[in-house]
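Everything below concerns the one structure shown next.
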Amino acid sequence: MNRREFGVALVGGVAAARAQGRRAGGPEGQRAAPLAAARSVNGSRLNGRLAELSKYGANPQGGVSRVAYSDFDKAARPVVMDWMKQAGLTVSIDYAGNIFGRKPGSDASLKPLVFGSHIDSVPEGGNYDGNLGSLAAIEVAQVLAERSTTLRHSIEVVVWANEEGGLYGSRAVSGQLTAAELKNVSASKKTIEEGIAFIGGDPTRLQQMIRKKGDIAGYFELHIEQGGILEQTKTDVGIVEGIVGIKQWDVTITGFQNHAGTTPMDQRHDAMLSAARFTEMVNRVVRSVAGRQVGTVGRIQAFPGAPNVIPGKVVCSLELRDLDDKKILSMYDTIMKEAKAIGNMNGTTFAYAELHTNVSAPSDPRMRSVIAESAKALNLSTRLMPSGAGHDAQSMAQLGPMGMIFIPSVGGISHSPKEFSKPEDCVNGANVLMGAVLGADKL
Ligand code: GLV
Ligand code: MN
Ligand code: MN
């Protein structure tokens, strides 16, 4: 789908209404219809804003390249802040660069209900990952304001900073971000601390913004599934049961730099050869045990990087994911042992520097229930499912009950310009979010 088609497809109000009419056609649907109407977001506004946001960092392949702390990221943020203001929210940027839009509730003794997502992308990303959840959260707030509905809880709509780099904004709020990580280099080439300052935060004051367990009444995030299960099973909505833990490392392989023409093949300490064996070994180790765990070497650089030089150094990444954090550590142990053996074969060494950790997080049964009830009232089918992708929701699960809503990703594609979710599914997701927020307000 090219950019023009994307814009046309996103004017989804009519399609969404049609889809809703189809689903609400049976007797059960007719009973659900008045409630569904009361919960409806403005589908054309939501999809129109998705199209508008996709212009910031638009890449030629039809998606966005809007990595955190880049010029495009910085340019998109005021646009989203404006929409938050239109939704009647009081907008501010916290020390980590997260954008918050707040509205007080009627009962000042209650902790806030928080919902949102992120607008930064991976390099060569798509138009939905994070954007849908951010704009749907604003849409819910705007519809509540238009209907002059004040909830018991105050609401906080949030657009997290640097989700894709490793949940930096949300981990700053949950107190999981370490001082050492501020020196990590982000995809924008700025360090995390430079990046935070670039988008209006203050990296020297992160300690002052940490929230503790019980500081929020609940957190919701709507997101595209980023896999193919909902589409394959023809299910409208996924209710997330838990989010995988993720650990990432920089792996430095050191050999000996030498002449590629004069050094015999049996006398080389070739760091690149070890990196190739390492990559194959990671895949083998991760596949050698039963389960849904995954492992990836996604980035690699050889030094000095010339056709006629045997690389003396290679730096690559290692990422491991599973719902069970202990399983991640056990795979890491095996990988380190096997890497040592690989190094012994050609006189190279392996060193590991941890980049970041996202701890796995189950969702809260009460939040799953309000999501399920919301979907049921809209006559949408649901299934409980794990999230193989990381989300800021896992940081928020440290502070209060968390729930996540998935909608189908066409072809299961994500982290790609080809990422696409149908406009009617985006609207369904936003409506489910709205119902879930209203449901959680009653808890
Ligand atoms: C975030 O999208 C992740 O799963 O890496
Ligand atoms: Mn995301
Ligand atoms: Mn992502």
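Every value quoted in this text rests on a predicted model; they were computed, and no experiment measured them.
Considering only heavy atoms from C-beta on, Ile246 stays 4.5 Å or farther from Thr357 through its side chain. Side-chain contact check for Ile239 versus Phe406: every heavy-atom pair is 4.5 Å or farther apart. Within the 4.5 Å cutoff, no side-chain heavy atoms of Val432 are placed close to those of Thr382.
Of the possible polar contacts, one joining the His118 side chain to the Asp120 backbone as a donor-acceptor pair under 3.5 Å is found. A distance-only check finds a donor-acceptor pair linking the side chain of Ser188 to the backbone of Lys190 [under 3.5 Å].
Using a 30° and 60° split on the angle between ring planes, Phe256 and His269 fall in the perpendicular class, above 60°.
Side chains of Thr348 and Ser274: a donor on one and an acceptor on the other come within 3.5 Å. Residues Ser121 and Arg66 bring no donor and acceptor atom of their side chains to less than 3.5 Å of each other. Defined by atom type and a distance below 3.5 Å, a donor-acceptor pair is missing between the side-chain atoms of Asn308 and His259. The closest side-chain donor-acceptor pair between Glu221 and Ser117 falls under 3.5 angstrom. Checking Glu419 against Ser416 by side-chain atom types alone, no donor-acceptor pair falls below 3.5 Å. A donor and an acceptor atom, one from each side chain of Gln226 and Ser414, are located under 3.5 Å apart. Using modelled atom types and a 3.5 Å distance limit, the side chains of His356 and Asn184 yield no donor-acceptor pair.
Considering CD1 of Ile407 and CG of Leu230, their distance stands at 8.5 Å, rounded to 0.5 Å. Separating the SG atom in Cys426 from the CG atom in Leu135 is a distance of 10.0 Å, to the nearest 0.5 Å.
Using a cutoff of 4.0 Å between basic side-chain nitrogens and carboxylate oxygens, Glu52 and Lys55 are scored as salt-bridged. Using a cut-off of 4.0 Å between Lys/Arg side-chain N and Asp/Glu carboxylate O, Arg171 and Asp392 are scored as not salt-bridged. Salt-bridge annotation for Glu156 and Arg211: present, with a side-chain N of the basic residue lying under 4.0 Å from a carboxylate O of the acidic one. The pair Lys183-Glu193 meets the salt-bridge criterion, since a charged nitrogen lies less than 4.0 angstrom from a carboxylate oxygen. Electrostatic pairing of Lys74 and Asp71 does not count as a salt bridge here, judged by no charged N lying under 4.0 Å from a carboxylate O.
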Problem - Arg368/Ser363 under side-chain hydrogen bond (donor to acceptor under 3.5 Å, both in side chains): CA gap, chis, key distance, verdict - result: CA-CA 7 Å; Arg368 284 184 215 154; Ser363 58; 2.8 Å; yes

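Within a 6.0 Å sphere centred on CD of Gln86, heavy atoms belonging to other residues, nucleotides or ligands number more than 12. Within 6.0 Å of NZ in Lys422 there are 12 or fewer heavy atoms belonging to other residues, nucleotides or ligands.
Checking Phe115, Trp160, Phe220 one by one against Met396, the side chain to side chain contact (heavy atoms under 4.5 Å, CB included) holds for a single residue, Trp160.
Listed by chain and number, the residues in a salt bridge (Lys or Arg N to Asp or Glu O under 4.0 Å) with Glu241 amount to none (sequence neighbours excluded).
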